[in-house]
Every structure is written in C-alpha cells, then in structure tokens.
Amino acid sequence: MGMADILSGLTEEQRAAVTYRGGPLLVLAGVGTGKTTVITRRIAHLIAEGIVERPSQLLVFTFSHQAAEEMLDRAFDWVRYAALDAWVATYHAVGERILRENAPLAGLPPDFRVLDEWDQRVFLLDHLTELPVRTLRPRALRQPLRFLTPLLSFIGRAKDDAVSPEAYRAWCDGAAASLPSDEADLHRELADCYAAYQELLERDGVMDFGDLIVRTVRLLEGRPGLLAEYHQRFPHVLADEFQDTSRAELRLIELLAGHGNATAVGDDDQAIYGFRGVPWDNLLAFLRAFPLAKVVVLTQNFRSTQGILDAATRLIRANSYRLEALSLRGEIPYSITKELTSIHGPGHPPVHRQFPSVEEEAEFVAREVRKLNAAGVPYREIALLYRNRYRPDPYLRALSEEGIPWTLAGRFRAGMFDQEVIRLMMSFLRTLADPGDSQSLYHLLGSPIYRLGGEDLALLTSRSQREHRPLRQVLAAAVAAGSLSEEGQQAAARALADLAACEDLARGNPAGRVLYAFLMERTGYLQALAQSDDPAAGQAVEHIAEFFERVVHRFEEVARYDRVPWFVRYVDELRELGWNPMVGEAEPGVDAVQVMTFHQAKGMEFVAVFLTGLVEDFFPGRITRPTFVLPRGLRGEDIPEDIAHLEEQRRLFYVGMTRAKRRLYLLSADDYRPPGEAPRKRMAKVSRFVLEALGEQGERSPEAPALLRIRRQGGEPPPPAPGSEGTGPLQLSFRQVDDWLTCPLKYRYVHVLRVPIRLHPIVILGNAVHQAIQAYHLAKVQGRTLPLAELEAVFRHAWRSEGFLSAAHEEEMLRHGAAALAAFHRFEEASGAQPTFVEKFFAFVEGEAKVIGYWDRVDRIGNQALIIDYKTSEVGEEAADHRARESLQLAIYALGYERMFGDRPHEVQLRFLTPEVVVGRATPTDRLADRALAAIRDATAGIRSGAFAAKPSFAACSSCAYRTICPSALPL
DNA sequence: ACCCATCGATACCGA
DNA sequence: ATCGATGGGT
C-alpha cells in the first residue's frame, strides 16, 4: 500500500494530522470530522514511512472494547494486516497485560484475578462485617447496597486521584484537625474502610479495575529500566477518544508515551463522562505533558448540514471551559478555532416543538417518522433520544400505534433475568438450594417441563397453605396417596424423581453440572427446545447458552465453593445490585427506529434525530453530589461543580444534536407526568439549551381540539416488527468452516443456537495444555524460560473440574496433561527455537467472508516462516506427516499467513504432544491453498443461504457432542 | 423571606 | 413511597 492510497481523499487538515512527524501531536477533531479515518490512516502512514518498523510497535489506546474492535475493522479496510499486529486495546487491557508480563516484578501471582464492577460489590458484600464502620454502621447494616455503592465509587475516585489509603490517613491525622469534628470523624472512618478494603483484596489475591491502573503506573514509575523497554517496544503511542480518559489513565499514557512520540485524538466538546471522574481538560493535560505538541484542528464536517452545525456551535459556545474559548481569551498559547463547515450545504435548520403533554409529543414523533419514512428515510436512520426521568414508554407506544418498528437500547430493555427460560432455571436451582421454597417449586411444576394442570396445582397450594407445610412435602404426600389427576400424578412423580436425582448430584458437583444434568439428562428440555421449529424455542436456547457463558462460568471463576446453594446466593446478590445483562444483541441490520439515551448515542449518526424531554430541571438535570467525597485538600484543583455539571450537560446536548445528518427535532412538553398522575400545576419550562441552540423562542404547536384527543390505555407496546436480515460481511473461523463441512446441522447447534454442551474431558485437557504452552511461549518471547513447575501451575489453574465421569477419570486426565507438558518442556528446552508470534490473531477477506483465526505459534527465521499448531491427541510416527498434509486447519492457517504477509510459509506443522512430541510436517503448495479456498467458499455459501440440513455419517456422528439431541444422528 | 411545587434518589456509562 | 434540596412565585 503506497502513500497515494493512504492520503487519497483526505482534506488538507486531515492530511496534516496523518502525516505530521515532528513529535507529539494533538488532533482536536471536531464532531463528524473523520476522527477514525485520521487515526487509522495515521497508523498506516507511520508504518509506510518507517517511523515504526513493524505494526507490532504501535500501541493504540481506546475507550472501550467495542471501540477497539471497530478500529481494527476500519484499519483492516485501510492497512490490511498492518493494524492487526499492533496492540489496540483499552487502558485497562493494556495495564493488565503489562502486569501479567511482569507479574513477579509487580509482586503479583501469575494468575491474579481482576474483579469487575459487579464482582467487586459482591466481594465487599461478603466482607461487609469486616469493615471498620463506626457511625456508618447502622446504615451499612440496614441498607448495605445504599452504603456499598457510594463507598466503592468513593474508593474508585480516590484511586483515580492517586490517593492511597495511607495518604488519606495521613491527611486525616494532619489537616482534618481544622474541620468540624463530625466531618473529621467521617473522613477517618472512610480512610479506615478504604484501607480495610484494600487489605481484603490483597488477602484474597484479587484486584479491582482501579488497582489495575494504579499498580501498572507504580510498576513503571518504580522501574525506569522496564519503562525504557516499553518505550523501545512501542516507539509511537496513539490514544483515541482522549477527552474521556480518567486521571489515572492519563498518567499511564504519559508514562508510556514518555519518549514524546504520541498522538492524542479527541474533542473536548464531547467529554461526557465527568460523573466517573473524567476531568474536562484532558486535552490540555496532554499539552501540559508535551509542551511542544503540535495541535491540528479538524473542522471539515462530513456528517451534518450547516444548519444543524450552526445551531450546535451556538449552543456549545456557551461553555467557557473548552479549548476554543481558552484560546480566544488568550489563556493558552494556542490559536484554536473550531468553526465547523459542512460539505452538505445549509439543509433544514433544527426545529423546536412544544406540546401540552408527552403523549402529544410522542404522537408528533410517530407522525413525523411516518412522513420521513414515506419520503425514503429508512427507520434505522432515525433515532429518538430520551432522558431518564420517565421510561421511554410514551414514545414507544405512539410508534407502535403508528405501526412503526423500533428497537430500544439501554437499561429499559429486558435483560437476561427477565427471560422466562432463565427464570425457570433459577426456580429449579432455588428448589434445590431450598426445598422449602414453595414459590419456585410452583413455578417449576407449572412450567412446560412438567405441565402440571391448574386444578392439581391449586389443590396442592391450598393444602400447603392450610397445613402450613412446604409445597414439596405436600407434593410428595399427594403422589404417595394418588390424590392428583391421572396426568398430574405422572408429572408430579417425574418432578419428584428429577429433583431427588439432582439433589443427589448437587451434593458433590458444581452448580453448572447439576443444571446441565437437569436440562439434558433428566428432562430433555434442552433437546426439545433445540429441535423445535418455533423461533421462541430457538431464542430460549440462546438464552440458556448465554446464561451458561455469562453467569455459570463467571461463578465458576469467583466461586470459593462451587455448589448450587452458593450459586443461587451469588446470583441473588448480583441481581440485588442491579445486574441484568442484555441478551440477544439487537440485530444491527434490523430496520427500526433506534430509541436510546443521549449517552448511548455517542459515536453514532442518523439521518433524522428526535431529542425529547427538553425542559429545565430535566435537561439540564439537577446536580447530584456523591455521598462521600475526598476532602478538597486531596483532590486536584477543579472548576466549581455546579458549573462543571451544567457544562457537561451542555456537551451531552451537543452530542445529541450532532448525531443528526439531515433533520433535527428538539421537542419539549409542558407536562411529563404519566397519564395516571395529577397534572403539574406549573408548566415545565423549555430547556435553556434549546434557546441557546436556536437563539430564539421556538414555535408552539397548537393544542389539539379536545374531542380528537384519545385517552390512551396503558400496557406494554407490541414487540417491534421483525426486520430484514443483517447483511454485513460474514466472519468465519476455521472451526466454523470445519464444523459446517462436517455437518451443517452441527454448525447450527454450535454457532447459531450455541447449545451449551458439557465440556468433553478431551477439550478441557486440550484447553489447559494450550494455556500452559502459551504461557511458556510468551515468556520465551520476552527472553525468559518457564520451569516445568510453573507450566504445571498454569495448567492446573486453567483446569475445570466439570464433565469428568469420576474422580479417578479426572486424575487420569490430569496425569495425561502433566505428561504432555513434560514432553513439551523437554522438547523445547532441547530445541532452543524462538517463537516470533504466540496466539497470534490473523484475518483476511475471501469472497464474502472475513476469515479469522489464531496461530498457536509462528517461528520466523530469516524470511522463512514456520506455523505450528499443538495437539494433545496421540499419533503414530508414520501417520503424523499425513495428518499434517490433510489438515484443513493448517491449510487455512497457511493461506492466512500468505494473505497477511505476502509470502508463503515454508512449512506448517502439527505437534502431537503425547507420549513424546511427534512432529507432522507439510509444505504449503497451491494445492493446499486451493483446498482451503474451496472449503471457505463452500462454507460461506452454505451458511449465507441458511442451509443447515443434517449430513449424518458414521465419522461425523460418532464424535459429535450433539448426538444425544440430534434427531438425524445415526444409531451407533 | 418564606412557602410550596417539583424532582430525583436508583441514573446516564466504562474498564 | 418519602424526603430533602431547589427554584420559582409571592
């Protein structure tokens, strides 16, 4: 890829940002000015110009995982393989990786665990009684959650401000003397809690997200040699969305970019994360850290019409804490003007409409959406942003009444625990954990699993209540006495037998194993769902799969005692904390009006945008001060909080306005109360932001004649109309290609329905061995050698105890793994070969598919490359080469290498580990490449067309994990 | 200066 | 649901 390509189609200012090479660079990218284009092409440019030798020398910080993925996707379009080789990650991911690479230096165990926000709360809830609370005690005990959340947010802020428990205590001993005694006491108590929390974390060998950055910074600050190594490893550092980095993250980037070759990209007018401690002046902080930095301002807007931009600019000019304003006032030595110019001409100016009620506001939206759609604007190009005081129900209802499809993002969407099938699984587990839980048993008995009739259920519950006995006892008695209907008798007996069997299993088995046994082995419910043609059943299977992935496995990782009752308690705690992850990601291709909060809209664009609920006290909303705050003496100097709040709200409004490409509606109503409540006595006032943006009073919508107003009934809006299929490129892994070729129905089970399957012992063994091997190779890349004992430690840590037939069986597999590792270790120590890449991601486009995968290991010697994949299975010496030559996996891996690097690897290998390492070799040829291509083409076409008919054969079925649920499986 | 209507808490969001 | 803070009205 030449320079011409990299710079083609760029504006002057973009070109300046992409090509600057004098040192640190701040790209002040106004809204819609092609920020991602600039950063991805700058990456390409740095490589093309030899500023970094290899893409792997680039470190790119992003704000979220999603942003990292998007950037990789975009970079993929432009620089082919280049960016894929770089570290593109969030601040926390970078911190974690640095700590793991240097765990001994950082004084950490190699397998330290990081608690996410939720596990952090569960952790503290578990240790609540160990906190040294005094005056706060009643509150902490009576309403733990009302205490924990503010405390953790306080600790988070302290870590962000680099205030250690010791520093806080020292402050309490000194400066607090001048405070009123109750205030000083509160600070002492908080300092003690902070210190105690920190000790608890260390005692359990875990850390929270705050520690991740704090410890990384401490490590790098304390080891100049190590820091210098990272500077050498990453000669250039880029940071995206710089306005939304926290103080601690800023310190990390200042350290890693300490050599001065850094690019920061951001826009201070879009900083909307102040509530989690992000300062408004990050971009200035960059300029302070790198005083010689060049500033490039991007002002050419590609998104909106001039009318929309002008209104947005008028609004944001009311903020005094922004770089443009500071520059105008001469407070910073930079001349910055952010006058945005559209390439689309004047267009329609934004309109403001005021209504007597939300209902009318919502009806207006629905009518207008209908008009826009009739004029050719697809629904998915229309967004409605709402505020959080009331649910977005009125808008959804009005859209539904017009027959307009919509999708709702954000917290009002139903989460995992609102799904019936998940509730049912929880009822089952609760019944096991507490046989006296009659409600859960009732739910279970009436569910599609047992279908106990209404009369039988009524009989049982009334008896249970009358006799004050748990439903379970009454049920057992009724079955014994034969007092139920005929079918009821059968169903109840079945339920009792299942419960007894599962209780038996639960005593000695992890929760996930028990649940799995219930769903598959005892009741066959999962099979029934997977075989059903009903789309709702398919969804239920997906939900079960997600439940296993995101709840059961998560518990396995944190559980101190993995048994059903503890699992139930864990889930209850998380639920109480408000945890309810989204399920069934919204289809991106669905043609429906996008309803979301202002925050969620960040980074998106739509042809038409409706901003709703624009009244004072609402937007701007009221300031809420955190319950606990660091004393002024320990906090960094900041602007007054009410001003900070107002300006951030204005930036949020600005973000909302600038999502619109062509049409922008600003809407407000006199009264936002739900219909049932008494109407307001005083009308809500139009948001000052509306007036600032339009510079005048908006037009008032005439009140509709009373007769035409229809009293609306409440109730859930109907579900959105089904949309069209997604049409993005198909992403395919080797596993997907292979599974589809083996049997399309297997593909459907694994990759479409994701039917959870009990891990086969061989798979567990393979995973654990792979992780140990990976750790060895990673150390090797850094010039260290892991002793066998450490390999075994990693192996055991990666081990999961589910799925084994017996303890003896598990022992045997563990021995097998240890033998494989020993053989591997002997082999490697003797060979001394040096891996170039370990677990390396690759991707290439073939036809309509993007093929992705990971190479276990690549060795490059001179310009020759060797790709290696490890197998834990056994093979005869003679058969090894044959296996390698016939391996579709190696064929695809070789093709991937060729596409990424332009040359063909000189050899590909399978390395079988037991009992001694046996190497199977193959040389990539045109024939091998053609085989890979044909496989990819067939799989792409088949998957695209949705052809998932079973292809039973003895070979496929005998080794298929889905044999037990597959209606087409051959009898063996 | 004082009263009373009104709102938000719970948030919005990220690792 | 209730309560404290806030801002508008008198």
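Numbers restart at 1 for each chain; the letters A, B, ... are given by sequence-line order, proteins then strands. Keep in mind the model is a prediction, meaning the values are calculated, not measured. All heavy atoms count here, side chains included; hydrogens, waters and symmetry mates do not.
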Rounded distance (Å) that lies between atom [atom2] of [N] and atom [atom1] of [X]:
| X | N | atom1 | atom2 | answer |
| --- | --- | --- | --- | --- |
| A:Asp116 | B:dG14 | CG | P | 13 Å |
| A:Tyr654 | B:dC12 | OH | P | 25 Å |
| A:Glu648 | B:dC12 | CD | C1' | 10 Å |

So, using ring-ring contact (aromatic ring centres under 6.0 Å, His included) as the criterion, who are the partners of A:Phe209 when residues are at least two apart? A:His92
Under the ring-ring contact (aromatic ring centres under 6.0 Å, His included) test, residues paired with A:Phe61 that sit two or more places apart: A:Tyr91
So, using salt bridge (charged side-chain N to carboxylate O under 4.0 Å, His left out) as the criterion, who are the partners of A:Arg100 when residues are at least two apart? A:Glu96
Over-ring placement of A:Arg387 relative to A:Phe618, 6.0 Å and 45° cut-offs: no
Proximal nucleotide (of C:dG8, B:dC12, B:dG14) relative to the A:Thr597 side chain: B:dC12
Dot-bracket encoding per residue of DNA chain B, Watson-Crick/G-U cut-off under 3.5 Å, | denoting interstrand: |||||||||......
For A:Glu117, give me all partners under side chain to side chain contact (heavy atoms under 4.5 Å, CB included), at least two apart in sequence or on another chain. A:Arg121
Counting just side-chain N and O atoms, does A:Gln600 come under 4.0 Å of either OP1 or OP2 of B:dC12? no
Do A:Tyr395 and A:Phe610 make the cut of ring centroids closer than 6.0 angstrom? no
A:Tyr273-A:His599 aromatic ring centre distance below 6.0 Å: yes
Dump every N/O contact between nucleotides 2-6 of chain B and the protein below 3.5 Å, one line per pair.
residue, atom, partner, partner atom, Å
B:dA5, O4', A:Arg682, NH2, 3.4
B:dT6, OP1, A:Lys681, N, 2.6
B:dT6, OP1, A:Arg682, N, 2.6

